[in-house]
Engineer: 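I'd like to ask you about the structure that follows.
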Amino acid sequence: MDEPSNFTVTIGLHEDFIVARVVGELDYASAGLLHQEIKDAWATTQPAGLVVDLSGLTFCDSMGVGVLVLLLRQSREQQSNLVLSGVPPLLERILTITGLRTAFQVETSVEEAIQVIHPTLGPGVEQPPGEPEPA
């Protein structure tokens with residue numbers, strides 16, 4: 001099967017989480033590719049979380065939404081967090097209208113999504129606020 005020319009997935013494997021950056025149109029032709037790329041990444045590690053960066057998404061149809069729901073279900077089965085970041089307004093509207101918005105953890109940026117999964121990582125984070133100093 002040929003890969004869709006207007007869609008790319010870039011996978012970044014980190015300590016205990018995966019960042020998948022999606023660019024282009026998430027539709028019938030590309031949903032399987034996204035699922036397979038993330039499935040392959042899951043096979044190489046036991047991640048605490050998965051960030052799906054959708055800031056480069058230009059289109060999403062029902063198959064695209066379906067693969068996001070499938071990834072959410074599979075991440076829960078693995079006891080791994082799934083966080084969407086950079087959700088474009090069109091997809092935000094689709095998730096809200098379908099009632100799926102409340103099922104997903106959504107953050108504005110990849111950095112904020114990483115903070116949800118791994119609070120000790122991120123720019124300038126020395127120690128999480130509110131934690132007592134060691135005695």
Engineer: Walk me through whether Q105 and N81 qualify under side-chain contact (heavy atoms from CB on, under 4.5 Å).
Structural biologist: CA-CA 9 Å; Q105 171 81 36; N81 292 324; over 6 Å; no
Engineer: When rounded to the nearest 0.5 angstrom, what distance separates CD1 in I117 from CG in D16?
Structural biologist: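 Answer for the CD1-CG pair, I117 versus D16, is 8.5 Å.
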Engineer: Sequence neighbours excluded, which residues qualify as side chain to side chain contact (heavy atoms under 4.5 Å, CB included) partners of T108?
Structural biologist: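 Once residues adjacent in sequence are excluded, the partners of T108 under the side chain to side chain contact (heavy atoms under 4.5 Å, CB included) criterion are E112.
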Engineer: State the CG-CG distance between L91 and L68, to the nearest 0.5 angstrom.
Structural biologist: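 Here the interatomic distance stands at 6.5 Å.
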Engineer: Quick one: are V116 and E107 in side-chain contact, heavy atoms under 4.5 Å?
Structural biologist: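 With C-beta onward as the side chain, the pair touches.
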Engineer: Given side-chain contact (heavy atoms from CB on, under 4.5 Å), test V52 with L82 step by step and report yes or no.
Structural biologist: CA-CA 8 Å; V52 181; L82 170 70; 3.6 Å; yes
Engineer: Atom OG of S80 and atom CZ of F17: how far apart are they, to the nearest 0.5 Å?
Structural biologist: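 Reported value, rounded in 0.5 Å steps: 11.5 Å.
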Engineer: Please name all residues satisfying side-chain hydrogen bond (donor to acceptor under 3.5 Å, both in side chains) with Q36, sequence neighbours left out, ordered by chain then number.
Structural biologist: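 Applying side-chain hydrogen bond (donor to acceptor under 3.5 Å, both in side chains) to Q36 gives D40.
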Engineer: Donor-acceptor check, side chain of T45 to backbone of W42, threshold 3.5 angstrom: yes or no?
Structural biologist: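 Judged by distance alone, no pair lies under 3.5 Å.
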Engineer: Any side-chain to backbone donor/acceptor pair from S30 onto E25? Under 3.5 Å, distance only.
Structural biologist: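 Between the backbone of E25 and the side chain of S30 there is a qualifying donor-acceptor contact (under 3.5 Å).
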Engineer: Excluding sequence neighbours, so at least two apart, what forms side chain to side chain contact (heavy atoms under 4.5 Å, CB included) with E77?
Structural biologist: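 E77 satisfies side chain to side chain contact (heavy atoms under 4.5 Å, CB included) with R73, Q74 once adjacent residues are dropped.
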Engineer: Considering non-hydrogen atoms only, spot the tightest contact between F7 and V9 and give its length.
Structural biologist: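 In this case the closest contact between F7 and V9 is CE2-CG2, 3.2 Å.
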Engineer: Can you pull out every salt bridge (Lys or Arg N to Asp or Glu O under 4.0 Å) where at least one residue sits in residues 41-50? Sequence neighbours excluded, please.
Structural biologist: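 Checked against salt bridge (Lys or Arg N to Asp or Glu O under 4.0 Å) - neighbours excluded - no pair reaches residues 41-50.
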Engineer: Pairs under 3.5 angstrom only: tabulate donor-acceptor contacts from the side chains of residues 53-65 to other protein residues two or more places apart or in another chain.
Structural biologist:
{"residue": "D53", "atom": "OD1", "partner": "S55", "partner atom": "N", "Å": "3.0"}
{"residue": "D53", "atom": "OD1", "partner": "S55", "partner atom": "OG", "Å": "2.8"}
{"residue": "D53", "atom": "OD2", "partner": "R21", "partner atom": "NH1", "Å": "2.9"}
{"residue": "D53", "atom": "OD2", "partner": "S55", "partner atom": "OG", "Å": "3.4"}
{"residue": "S55", "atom": "OG", "partner": "R21", "partner atom": "NH1", "Å": "3.0"}
{"residue": "T58", "atom": "OG1", "partner": "G24", "partner atom": "O", "Å": "3.2"}
{"residue": "D61", "atom": "OD1", "partner": "M63", "partner atom": "N", "Å": "3.0"}
{"residue": "D61", "atom": "OD1", "partner": "G64", "partner atom": "N", "Å": "3.1"}
{"residue": "D61", "atom": "OD2", "partner": "Y28", "partner atom": "N", "Å": "3.4"}

Engineer: Do the side chains of L33 and E37 get nearer than 4.5 Å, heavy atoms only?
Structural biologist: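 E37 reaches L33 side chain to side chain.
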Engineer: Would V51 end up clustered with V23 when hydrophobic side chains under 4.5 Å apart are linked, directly or stepwise?
Structural biologist: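 Shared cluster, no.
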Engineer: Got a sec, which pairs hit side chain to side chain donor-acceptor pair (under 3.5 Å) with one end in residues 89-98, sequence neighbours left out?
Structural biologist: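 Matches after skipping sequence neighbours: E92-R101.
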Engineer: Would you say that V106 contacts V83 through its side chain, given a criterion of any heavy-atom pair below 4.5 Å between the two side chains?
Structural biologist: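 Of all side-chain heavy-atom pairs linking V83 with V106, none is under 4.5 Å.
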Engineer: Determine the minimum heavy-atom distance between R76 and A103, stating which atoms define it.
Structural biologist: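 So the minimum-distance heavy-atom pair works out to NH2-O, 3.1 Å.
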Engineer: Measuring from K39:NZ to L70:CG, what's the distance to the nearest 0.5 Å?
Structural biologist: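 Interatomic distance, K39 NZ to L70 CG, rounded to 0.5 Å: 9.0 Å.
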Engineer: How long is the gap from CG on L26 to CG on L34, to the nearest 0.5 Å?
Structural biologist: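 One gets 6.0 Å once the value is rounded to the nearest 0.5 Å.
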